[in-house]
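Report on the structure given below.
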Amino acid sequence: MNPGRDTITLVGAGLNGPLLALGLIRRGFNVQIFERRSDMRRIATSAGRSINLAISTRGIHALSQAGLWSGMQNIINPMKGRMMHALSSELTFQPYGKAEAEVINSISRADLNIVLLNAAEAEGVRISFEQRCTGINLKTGDIQVRDEQSGATRTVNCRVVIGCDGSASVLRNAMLKRVRFNFSQQYLDYGYRELTIPSVGNGEHALETNALHIWPRGNFMLIALPNIDGSFACILFLPFEGADSFAQLSSPSSVMEFFKSNFPDVVSLMPNLTDNFFANPTGSMMTIKCSPWHVEGRCLLLGDAAHAIVPFFGQGINCGFEDCTYFFELLDRYGADWERVFTAFEAVRKINTDAIADLAVENFVEMRDRVADRRFLFRKKVELALEAKYPRLFVPKYAMVTFHRIPYSIAMKRGIVQERMLAELCDGIDRIEDLDWKKADRMIRNELTPLEPDS
Ligand SMILES: Cc1cc2nc3c(=O)[nH]c(=O)nc-3n(C[C@H](O)[C@H](O)[C@H](O)COP(=O)(O)OP(=O)(O)OC[C@H]3O[C@@H](n4cnc5c(N)ncnc54)[C@H](O)[C@@H]3O)c2cc1C
């Protein structure tokens, strides 16, 4: 490695940009970031302020390696499981994992972003806000940067540029014009809107604090994640068109009617429901897959820019932070041989980011529909019982993805085998006591190899 020699330019100071910058500057590189938005620490922006993210093992690992996780305990809210709200208002709690430690952590996107920006700047990363990258010459590394205030544009020559500019990446758009660049973009027919359940006073939560609340309604759902100030950040996922869709909710009365019919226990908890509903735009969700992620040793895509996924496994940023973990491992191994690092990075990550992209789409059906199903809940109990008996052999798919750092592609493959076993073992029974343990033992030992411990 030649610390100090190369200046690395990042586009995007969202979540991945500053974490990547921090690791690079600590390895002796000069790092600058261009960010199109204003600095959220100085000017209130609407950049996903009310959206919360669930941070789990992969994200925690990366944040711990950066020395940030332990200092973040006052801005996270652990969620131990899903609290399902039936139409009758009946509640069912389904734990996420087998132990107290297997929780996912609710954090506001803005709080997380601020921690990362502060940490990167404190170590010397130069972040220029309101500077939009409008294009790149992939042959020279020159990027065009426009000052969002004055409109003035300049050219910045970069030795190495990394696009951390999210799902609508400008760098990826430039790569799209190259020959043999593979690209697919798949929108869901669903959109989402942010809503809020305010605190009931004194920072108290109106619902159970340590849970991710779900109102699964078959074709659509509402979720709520706890904030540290006692409020909940909620997201309504609904088809864009058709019956029970955003297209139908065009007036305050239609919104109120829809909530009264489908989420009756929520209406009294959302005093500003209709104002809230119309204050926010409807977001869209998509899966983006592309390759190659790099142009020689000059330009690389990382995070959502390379692989945007739908949010239903809560893995988008966990996966992006895991990108950083692998990137640093390769940089430490190969030094500033950028082409080698970029090639190896894509080789190790692409198969896994493709897998989590598919798992995330599958999990949407599970969240909005299957979690309300009695048979599904029974299977979840059986999964936990099998895991308790065979902790290295049978780990539920959700746990492999969320509480381990097993490559996503392996979690997906093992998940398929385990699904088949579960279907067979649960067939015709509805009590754990009736489980055929001999059959389970035979299947598990024959078909599953012990999992490598997370390094
Ligand atoms: C509704 C929803 C819920 C989610 N929930 C979860 C969850 O629970 N857990 C989880 O792990 N993930 C979740 N995600 C996914 C997560 O938000 C993303 O994976 C993550 O934000 C990606 O980080 P990033 O840094 O790659 O991109 P971003 O966070 O999008 O950051 C990109 C940055 O680049 C800047 N930028 C863009 N273009 C330019 C340009 N031309 N010039 C300069 N700057 C530019 C943007 O302003 C932005 O700051 C969710 C996403 C959504 C939409």
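Counting convention: from 1, in listed order, for ligands and their atoms alike. Atoms considered below: every heavy atom in the structure, side chains included; atoms not considered: hydrogens, waters and symmetry mates.
In this pair, Phe232 and His205 present their aromatic rings perpendicular. The plane angle is above 60°, beyond the 30 to 60° band.
Closest to atom 26 (O) of ligand 1 among all protein heavy atoms lies Asn16 ND2, 2.9 Å. Summary of contacts: the protein heavy atom closest to atom 17 (O) of ligand 1 is Arg109 NH2, 2.5 Å. From the protein, the heavy atom lying nearest to atom 35 (C) of ligand 1 is Glu35 OE1, 3.2 Å. Nearest protein heavy-atom contact of atom 32 (C) of ligand 1 is Cys164 O, 3.4 Å. Closest protein heavy atom to atom 30 (O) of ligand 1: Gly166 CA, 3.9 Å. Closest to atom 6 (C) of ligand 1, if we only count protein heavy atoms, is Leu53 CD2, 3.4 Å. Closest protein heavy atom to atom 18 (C) of ligand 1: Asp304 OD2, 3.4 Å. Taking atom 11 (O) of ligand 1 as the reference point, the nearest protein heavy-atom neighbour is Ile317 N, 2.8 Å.
Aromatic ring centres of Phe345 and Trp293 lie closer together than 6.0 Å. Taking the centre of each ring, Tyr398 and Tyr96 come in below the 6.0 Å mark.
Inclusion of Ala54 in the set of residues having an N or O under 3.5 Å from an N or O of ligand 1 is warranted. The shortest N or O to N or O distance between Arg132 and ligand 1 is not below 3.5 Å. The distance criterion of under 3.5 Å between nitrogen or oxygen atoms is met by Gly314 with respect to ligand 1. Residue Pro311 has no N or O atom closer than 3.5 Å to an N or O atom of ligand 1. The shortest N or O to N or O distance between Gly316 and ligand 1 is below 3.5 Å. Polar contact check, Gly17 against ligand 1: no nitrogen or oxygen pair lies under 3.5 Å apart. Residue-to-ligand polar distances place Arg36 within reach of ligand 1: an N/O pair is separated by less than 3.5 Å. Considering both main-chain and side-chain atoms, Cys133 comes within under 3.5 Å of ligand 1 through a nitrogen or oxygen pair.
Residue contact annotation: Gly320 has no non-hydrogen atom under 4.0 Å from ligand 1. Ligand 1 is approached by Gln131 to a heavy-atom distance shorter than 4.0 Å. Heavy atoms of Glu194 come nearer than 4.0 angstrom to ligand 1 in no pair at all.
Only the side chain of Tyr192 comes within contact range of ligand 1, with a heavy atom under 4.0 Å; no backbone atom does. Of all the heavy atoms of Val170, the ones lying under 4.0 Å from any atom of ligand 1 belong exclusively to the side chain. Neither the backbone nor the side chain of Thr134 has a heavy atom within less than 4.0 Å of ligand 1. With a heavy-atom cut-off of 4.0 Å, Leu15 touches ligand 1 through backbone and side chain alike. Residue Ile235 touches ligand 1 through its side chain alone, judged by heavy-atom distances below 4.0 Å.
To the nearest 0.5 Å, the span separating CZ on Phe34 from OG1 on Thr9 amounts to 6.0 Å.
Formation of a donor-acceptor pair under 3.5 Å by the Thr134 side chain with backbone atoms of Val145 is not found in this model. Remark: the backbone N or O of Thr155 is not paired with any side-chain donor or acceptor of Asp142 at under 3.5 angstrom.
A salt bridge is defined here as a Lys NZ or Arg NE, NH1 or NH2 lying under 4.0 Å from an Asp or Glu carboxylate O, and Glu121 with Arg41 meets this definition. Arg217 and Asp244 are not joined by a salt bridge, as no carboxylate oxygen comes within less than 4.0 angstrom of a charged side-chain nitrogen. We find that Arg379 and Asp373 are not joined by a salt bridge, their nearest charged nitrogen and carboxylate oxygen being 4.0 Å or further apart. Comment: Glu130 does not engage Arg36 in a salt bridge, judged by the lack of any side-chain N to carboxylate O separation of less than 4.0 angstrom. Salt bridge present: Arg349 and Glu322 bring a charged side-chain N and a carboxylate O closer than 4.0 Å.
Across Arg58 and Asn318, no two heavy atoms sit closer than the pair CB-O, 3.8 Å. Here the shortest heavy-atom pairing between Arg146 and Gly151 reads CG-O, 3.6 Å.
The contact set between ligand 1 and Ile51, taken as ligand atoms under 4.0 Å from a residue heavy atom, comprises 1 (C).
A cation-pi geometry, defined here as NZ or CZ lying under 6.0 Å from the six-membered ring centre and within 45° of its normal, does not hold between Arg82 and Phe93.
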